[in-house]
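All chains are named by letter (A, B, ...) in the order of the sequence lines, taking the proteins before the strands, and each is independently numbered beginning at 1.
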Amino acid sequence: MTTPHSTEARFPRVTTASGERYDGVIDLERVRAAHHPLHQQRTEVTADGNTAAAYATLQMWRCIIYPGFPITPSTKWIETVAATLAADPSTKKRVKLLEAEHAVADYMVGAAAACRDLILPTATSSVGLDHMTETTRSMGASGLGNIMIINVYRATANYPLCIEGDPSDTLAHRDDGFIQICARGKQQIYDTVLQSPCLGMHADILTPTMPGYYGIKDSHRNARLVLEPDSEIHAFQDRWIRPSELPGLINGDTAFGNCVTSKYFQGFKVDQKRRMEKVFEVLPQIGADFERTFGRPGLAYFDAVGWPADGAVDLAVVSMGPDFGTFEAIRDDWAKHTGLKVAGLAVRLLTPFPREALRQRLQRARVVLVVNQAHHAGRGHLTLDVADALSDLATPPRIVSTFAGLGGADVSEATWEKMLDQGRLAVAGRAVPPYAVFHEGMAL
Amino acid sequence: MSGPRDSLEKVKEAAVNLLDPRELLRSSVLEIRGDGKAGGGLVLAFQSLAALLLRDSDVHVQEWPFFSSARRGANIRSFLRVSRRPVTAACEVTRPAMVLLMDEVAAYATDFAQGVPPGGTFVLNTRHTPEECARHYRLSGRVVTIAGDSIGQQHLKASIGNVSAYVAMAEAIGGFSREDVVDTFLRTLRRRHVPEAVLERNRTALTASFDGVHTGTFDFASPGDHAGQVFEGYGQLPVGAQTALRLSEANRTANFAPSGFRLRFADPANSCTGCAHCITNCPEGIILFVPDSERGVKVTGAEVSQFCKLCQECIAVCPENLFVSAPFEEHWEEEATIR
C-alpha cells in the first residue's frame, strides 16, 4: 500500500526491462552529514597496524557499514571499529558481524551493489580470505570498486597452520581481480587504506582493492601514527571519488552471478584487464595528490632506497613488507664493507605488477636479488614477476632468487647479510643456485 | 634524568660496567625484550612502556609481541626498540640491553637473559631478592626485582604482575615522573575500555609498586652463559600430518597453568568414592588411581608436573572435593627437576 511517507510515495518506482528502480532514494549528502568526525585536527597516537587501518576506515564518510568476521591476525581491525562505534551511541554507522567469511563477502557484494558510492571495507587473513574465494573472483570482475578487503597477511591454508605474517594468502589471490597493494609500517598502512578506494572507485578502473600488510610483524607492531583530520580526508577522497555513473541495486540495475557464453566471458575478461591496466596511469596521480595534501609519500609502485641518480648499482634488492626495513638498516654498513653499490625496492603494487616501472629502475643493475617470503612451487612469486619485467631488456641483470621469513619467521640481520653475500657472489660472476632458503644467517 | 631512587636496595656493587639505558636511547638504540606467558599482561606492560617513552616527542619506538597459536599460558615474547632516530629494523631483538622476566615459569623453556651483554639490566617479577636472582640465573649487570604477583594479588585480586613489572622497567630506565608512569599505564588501559573501578585498583597497584622495586649490581655470569643460540638448521622434522606436532606430550603444557597455582590432591579421610569422574574428565589422563575391591578404583593423586594446565575439570566434578587449586611458589625447585 502506498502511504504519503512510504518509499514509493517519496521516490517513484520506475519499471525497466531489467527490473525496478527508485530514483533519488540515495541521498549521499545525508550520509555525509551523518558522519561524526573522529579527529578535527591532525593528531598523533600510538597504534598498531590493525588499529591504523581501522581508524582510516572510520574516518571515511562513505564507510557506514563494516561487515566482518574475526580471524587472527586481523581481528583487531573489527574490534577497534566496533569499540569506537559503540562509544558513540548516536552514530549511524554499524558493524555487521556475520557467520563466516563467505557470508561477509556475499554481504559486501549486496551492500556495495546497493549503492556504488559507499565504501564497503572488511579485514581478513589467510583461510578467511580463502573462504571468500568463490565470491572474491566475482567481486574482482564485478566493477564494484567500492569493495575494499584489507588483507592482513598470514600463511594461507596450510599444514602446519601458522598465524604469522606470510604473504602467501594475498599472493594466492593474485588472479582474483583485486588491486593488491602492500603497505609496511603503521603510517603507510593508514595512508594506503585512505587512498585505496580512490583508486578502486575511479571511473576508469572500477575494480575492488585489497590493501594488505604483514600479520604480527605489522598488524601487532606499535609505533607513532599521525591521523589526519576527517575533513581533509574527505576533501582528498572527494577529489577522486566522483558520484558513480553506474546505478546500483537500489536506484537501478546491478546483477551478480550472470551466466554468459564463452565469447562474451572472454570479452568481459578483456575489459577487466583493460581497467586493471589503468591503475598504472591513475595510481601515481593519486599518490602525488596525497603527498601534496598531507606531506607524506602517497601510493607508489614501490619504495626505493639508496638509488643513485643514474640508476647504476651492483646489486639491487627487490622485496616487500616490513623486513625490508632491516635491509635498510644494514645497507650502508654492508655496502661500505663490500665496496659494492647496493640499492633496494620494496614492492607496493603487487597487482597489477608494475612491470614497466620495475624494468626502468632495474635496467642498470648488475644483479637483482629477489627476496620471496611465501612458499612457491618454483623460484618465487616475486622472482617470476621480476624476471618477466626484465625479460625484454637487451642485457637483463642476473637474477638471484631467495626465500626468507616463510610463515613470518624472523629475518635477522645475519640472514640479510647472508642473502646479500649470495648476491655478491653473482656480482663476481660466480655460480649460485636457482633459489635458496635462508634463516638465521644460514642457507638451508 | 633522576638518579637511583633512595629506596632502592643496593645489595652488592660489582665491578661491572653498566649499560645506561638512557645513554643508549640517546646515542643509538635501546632494545628491550620481555618473556612471559600469554594472558599474563606482558603485552600491556610493553605497550604502556612504549607509550611512556613516546611522551618525549623526539623519540621513536617500535613495540610488538611474538606469540604462537598456543593457548593462554604458553610462552610469549615482547620486543621494544627505542631511539631518537626512526627505527627501520624489523627483525627480532637478540642483543637486548634490558630484559624483563614477567613470569618465572616462562624461564623453564627459554633463557630470558640470552644475548644480553654484560652490564645489561635484568628486571624480574619475583619474590626473590636481586642477589638471589643474580646467583640463580647467573646474571652480570643490574638486577631489578619486584614482587609483582603479590602486589597484584593484594590490589587487583589476581596474581598478575604486569602492573608492577611495568613500574620496575620504567624505574630501571629512569627519568620519568611517578605521575607520568601511572597516568600512561591507565591511559593504555582506558583504550581497552576498562571500567573505572578497575582503573582505580590499577592506580593503587601502580602507586604501591614504586616502593617495591629492589635493585643491585652483580657479576655472576661465566663466559658463555646466555650466549645467543646458533641456528644449525631444522634437522629431521616429522613429515606433515604426524601426530607429534599436535600432542601435548611434545610440550610441557603444565607451564600453561595460571601463575602461582598448582593442582593438589588430598584424601586424608579415605573418602574417594571411586566414581571415576575425575579420571574420565581429565583431558590429559594424569589422574593416578589403583584398583579397589570395594570401589572399583581408588584415586591416589595426580601427576601434575608435565601436562596439568589446571583446567579444574577434576575440581569441578569430584563429589568429595578432594582436588584443590593451591598456591605454588617453588618454581626454582621445580625448574631444577625439569632440567
Side-chain angles (χ1 to χ4, degrees), chain A residues 44-49 51 72-73 79-80 82-84 86-87 158-165 184-187 214 216-225 305 321-331 404-405 408-416 437-444, chain B residues 29 43 46-70 76-83 85-95 184 187-188 190-193 228-235 237-242 244-246:
Chain A
E44 209 171 84
V45 298
T46 312
D48 60 23
T51 306
T72 304
E79 284 178 349
T80 304
T84 308
N158 228 311
Y159 184 88
L161 283 173
C162 182
I163 62 165
E164 292 157 56
R184 60 190 183 105
K186 271 43 56 189
Q187 196 65 57
Y214 280 58
I216 311 295
K217 285 180 177 177
D218 257 334
S219 66
H220 285 57
R221 197 177 299 232
N222 283 284
R224 228 184 259 286
L225 171 70
V305 171
D323 288 312
F324 185 81
T326 306
F327 161 72
E328 285 184 79
I330 68 164
R331 188 187 67 88
D410 188 44
V411 184
S412 64
E413 293 175 354
T415 299
W416 271 107
V437 185
F438 292 84
H439 186 62
E440 292 294 341
M442 275 182 72
L444 304 177
Chain B
V29 58
V43 172
F46 267 62
Q47 285 178 349
S48 301
L49 192 62
L52 181 64
L53 288 155
L54 280 174
R55 291 178 87 113
D56 180 343
S57 59
D58 293 333
V59 160
H60 299 267
V61 305
Q62 190 189 66
E63 176 277 324
W64 76 107
F66 175 82
F67 51 86
S68 75
S69 54
I76 65 164
R77 278 198 148 164
S78 272
F79 303 102
L80 180 59
R81 284 195 177 94
V82 199
S83 178
R85 286 172 286 191
V87 181
T88 61
C91 53
E92 291 179 359
V93 171
T94 54
R95 295 182 292 275
T184 304
R187 276 196 205 185
T188 312
R190 273 198 189 91
R191 284 175 58 185
R192 297 183 172 198
H193 307 282
Q229 275 182 333
V230 178
F231 179 69
E232 294 175 339
Y234 290 107
L237 292 177
V239 174
Q242 283 190 268
L245 277 178
R246 62 181 169 84

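The nearest pair of heavy atoms linking B:F66 to A:E164 is CE1-OE1, 3.1 Å. Across all non-hydrogen atoms, the minimal contact from B:D56 to A:R224 is O-NH2, 3.0 Å. Closest approach of B:H193 to A:A83, counting heavy atoms only: NE2-CB, 3.4 Å. Of all heavy-atom pairs spanning B:P65 and A:I216, the tightest one is O-CG2, 3.6 Å.
By number of non-hydrogen pairs under 4.5 angstrom with chain B, the leading residue of A:K217, A:H439, A:E440, A:E328 is A:H439. The greatest number of non-hydrogen atom pairs below 4.5 Å with chain B, out of A:A329, A:A414, A:G408, A:G405, is found for A:A329.
For B:Q47, the part sitting under 4.5 Å from any heavy atom of chain A is the side chain, from C-beta outward, and nothing else.
In this structure, OG1 on A:T46 lies 10.5 Å from CG on B:L52, to the nearest 0.5 angstrom. Considering CD of A:E413 and CD of B:E92, their distance stands at 12.0 Å, rounded to 0.5 Å. Rounding to the nearest 0.5 Å gives a distance of 12.0 Å between CG of B:L49 and CG of A:N222. Atom CD of B:Q62 sits about 7.0 Å away from atom NZ of A:K186, to the nearest 0.5 Å.
Applying side chain to side chain contact (heavy atoms under 4.5 Å, CB included) to B:C91 and the options A:I330, A:D323, A:T415, A:D410 leaves one that passes, A:D410.
In this structure the side chain of B:R191 never reaches within 4.5 angstrom of the side chain of A:V45, judged on heavy atoms. Under the 4.5 Å side-chain criterion, counting only non-hydrogen atoms from C-beta, B:F67 is in contact with A:I163.
The neighbour count for B:R55 CZ, taken as heavy atoms of other residues, nucleotides or ligands under 6.0 Å away, is above 12.
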